[in-house]
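Data first, discussion second: the structure below is written as structure tokens.
Computed from heavy atoms alone, side chains included, the values below leave out hydrogens, waters and symmetry copies.
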Amino acid sequence: MKLYKITKGILLEHNNSAYIIDDEWDSLINRDDLAGYLQLISADTTPINAEVKDEHLNGKILPPIGSQEVWAAGVTYLKSSDARMEESESSGGASLYDKVYDAPRPELFFKAIAQRVSGTGSDVYIRKDSEWNVPEPELTLFINSKGNIQGYTIGNDMSSRSIEAENALYLPQAKIYEKSAALGPCLLVATEPIAGESVIKMVIKRNSETAYQDTTTVSRMKRSLTELVGYLYSECDFPVGAFLMTGTCLVPPPTFTLQPGDVVEITIDGIGTLVNTIALNPKHK
């Protein structure tokens with residue numbers, strides 16, 4: 001089942017049919033057995049026709065978030081560990097990431113409030129004061145207020161590698177700024193956990209040509225999803241749930257940096273494709 005947040009409400013896609021749900025987003029998703037609840041809704045709701053469904057989904061799709069916070073995990077894939085060690089070598093911080101990859105405690109950090117999150121088809125920003133900017137494709141969890149995973153979406157954890165490379169203490173500036181995160185296109189709600197063999201793919205296009213592409217699988221993550229959730233919820237309360245980006249799995253080479261106008265496409269099996277265009281904050285133009 002897929003939940004889309006659209007300008008005219010909420011669209012549920014289930015068993016090749018679509019339904020408009022008249023509900024408030026936070027109260028809808030923040031429950032146990034969300035999958036079972038949505039199945040009941042689909043059984044009691046008249047489906048919309050294919051033309052109306054396409055009209056909704058071809059319009060503006062909002063990020064699948066209400067008033068939740070977005071958090072992120074770091075160094076959960078070996079490739080991410082290697083990349084962050086390389087970028088931080090000159091500042092003497094490389095060993096920090098090596099230690100985190102092998103440590104019992106994961107790296108977790110606050111990423112965004114909802115108003116700074118973009119949806120599919122919208123812009124994400126790169127920092128004007130950064131010389132090296134990259135997208136970071138991440139399987140993203142929706143966890144309810146009780147700490148139970150209820151859904152999955154695609155996340156783009158935009159990052160300034162040049163700022164983080166200067167000093168590890170600059171991580172908040174490298175990660176947290178306007179439109180530094182994207183979620184979408186939908187919230188996948190399933191009765192079973194997402195499969196480890198699910199493929200994650202990222203394509204970056206520049207002037208309609210492919211500038212970078214690579215793939216990996218969810219199973220390449222060192223830590224389990226429930227482990228990451230356990231650490232996030234151990235000392236924090238989230239009254240309407242939270243989103244957790246689970247770590248960067250694909251990293252462009254050090255010679256690559258994003259430019260305004262680039263298009264980033266992140267696809268995860270079963271969820272769909274999150275598409276964002278790179279831009280600068282208009283205040284800098």
Hey, what's the ring geometry for F256 with Y212, parallel, tilted or perpendicular (30° and 60° as the breaks)?
tilted

Take the angle between the ring planes of F238 and W71 and call it parallel below 30°, perpendicular above 60°, tilted in between.
perpendicular

I'd like to check the side chain to side chain contact (heavy atoms under 4.5 Å, CB included) partners of [X]; sequence neighbours left out, ordered by chain and number.
X	answer
S27	D23, E24
I6	Y4, L11, I20, H56
P193	Y152
T255	P253

Would you call [X] and [Y] a salt bridge, using N to O less than 4.0 angstrom?
X	Y	value
K201	E265	no
E178	R127	no
E136	R161	yes
K222	D102	yes

Cluster overlap [X] with [Y], hydrophobic side-chain contacts below 4.5 Å:
X	Y	value
M221	I271	yes
I113	L232	yes
M1	L141	no
V52	L57	yes
I268	M202	yes

For the pair L139 and I194, evaluate side-chain contact (heavy atoms from CB on, under 4.5 Å) and give the outcome as yes or no after the intermediate values.
CA-CA 10 Å; L139 172 67; I194 193 165; 3.8 Å; yes

How many angstroms lie between [atom1] in [X] and [atom2] in [Y], if you round to the nearest 0.5 Å?
X	Y	atom1	atom2	value
Q115	S67	CD	OG	12.0 Å
D22	L28	CG	CG	10.5 Å
S219	E197	OG	CD	7.5 Å
F110	C236	CZ	SG	10.5 Å
N281	K283	CG	NZ	5.0 Å
K111	T140	NZ	OG1	10.5 Å

Could you check D26 against Q68 for side chain to side chain donor-acceptor pair (under 3.5 Å), going step by step and ending with a plain yes or no?
CA-CA 8 Å; D26 286 352; Q68 293 81 18; 2.9 Å; yes

Does a side-chain heavy-atom distance below 4.5 Å link [X] with [Y]?
X	Y	value
I21	T45	no
K175	E164	yes
S42	N15	no
I65	F243	yes
D129	I163	yes
K5	W25	yes
I204	L258	yes
Y177	R116	no

Distance-minimising heavy-atom pair for [X] and [Y]:
X	Y	result
L228	L108	O-CD1, 4.2 Å
F109	D157	CZ-OD2, 3.9 Å
S122	N276	O-ND2, 3.0 Å
P64	L183	CD-O, 3.5 Å
V229	L244	N-CD2, 4.2 Å
G247	Y77	O-CE1, 3.6 Å

With distance as the sole test, does [X] use its side chain to make a donor-acceptor pair with the main-chain N or O of [Y] at under 3.5 Å?
X	Y	answer
E69	A242	no
S118	D123	yes
S17	P47	no
T257	N133	yes
T153	C186	yes

Does a side chain donor of either S130 or S162 reach within less than 3.5 Å of an acceptor in the other side chain?
yes

Heavy-atom count around [X] [atom1] within 6.0 Å, excluding the residue itself: above 12?
X	atom1	answer
N207	CG	no
Y233	OH	yes
E131	CD	no
N58	CG	yes

Please test Q173 against S160 for side chain to side chain donor-acceptor pair (under 3.5 Å), starting from the C-alpha separation and ending with a verdict.
CA-CA 8 Å; Q173 295 178 75; S160 164; over 6 Å; no

With R31 as the cation and Y37 as the aromatic partner, state whether NZ or CZ is under 6.0 Å from the six-membered ring centre and within 45° of the axis.
yes

Side chain to side chain donor-acceptor pair (under 3.5 Å) with N144: which of D32, N30, D33?
D32

With side-chain contact (heavy atoms from CB on, under 4.5 Å) as the test, would you mind laying out the steps for T191 and Q39 before giving the verdict?
CA-CA 10 Å; T191 56; Q39 288 174 341; 4.3 Å; yes

With sequence neighbours excluded, what pairs up with R206 under the salt bridge (Lys or Arg N to Asp or Glu O under 4.0 Å) test?
D262

Steps toward side-chain contact (heavy atoms from CB on, under 4.5 Å) verdict (V263, V275):
CA-CA 7 Å; V263 177; V275 182; 3.7 Å; yes

E13 vs L3, test: side-chain contact (heavy atoms from CB on, under 4.5 Å). Steps then yes/no.
CA-CA 6 Å; E13 194 175 54; L3 276 177; over 6 Å; no

Kindly give the cluster partners of L40, where membership spreads through any ILVMFWY side chain lying under 4.5 Å from a current member.
none

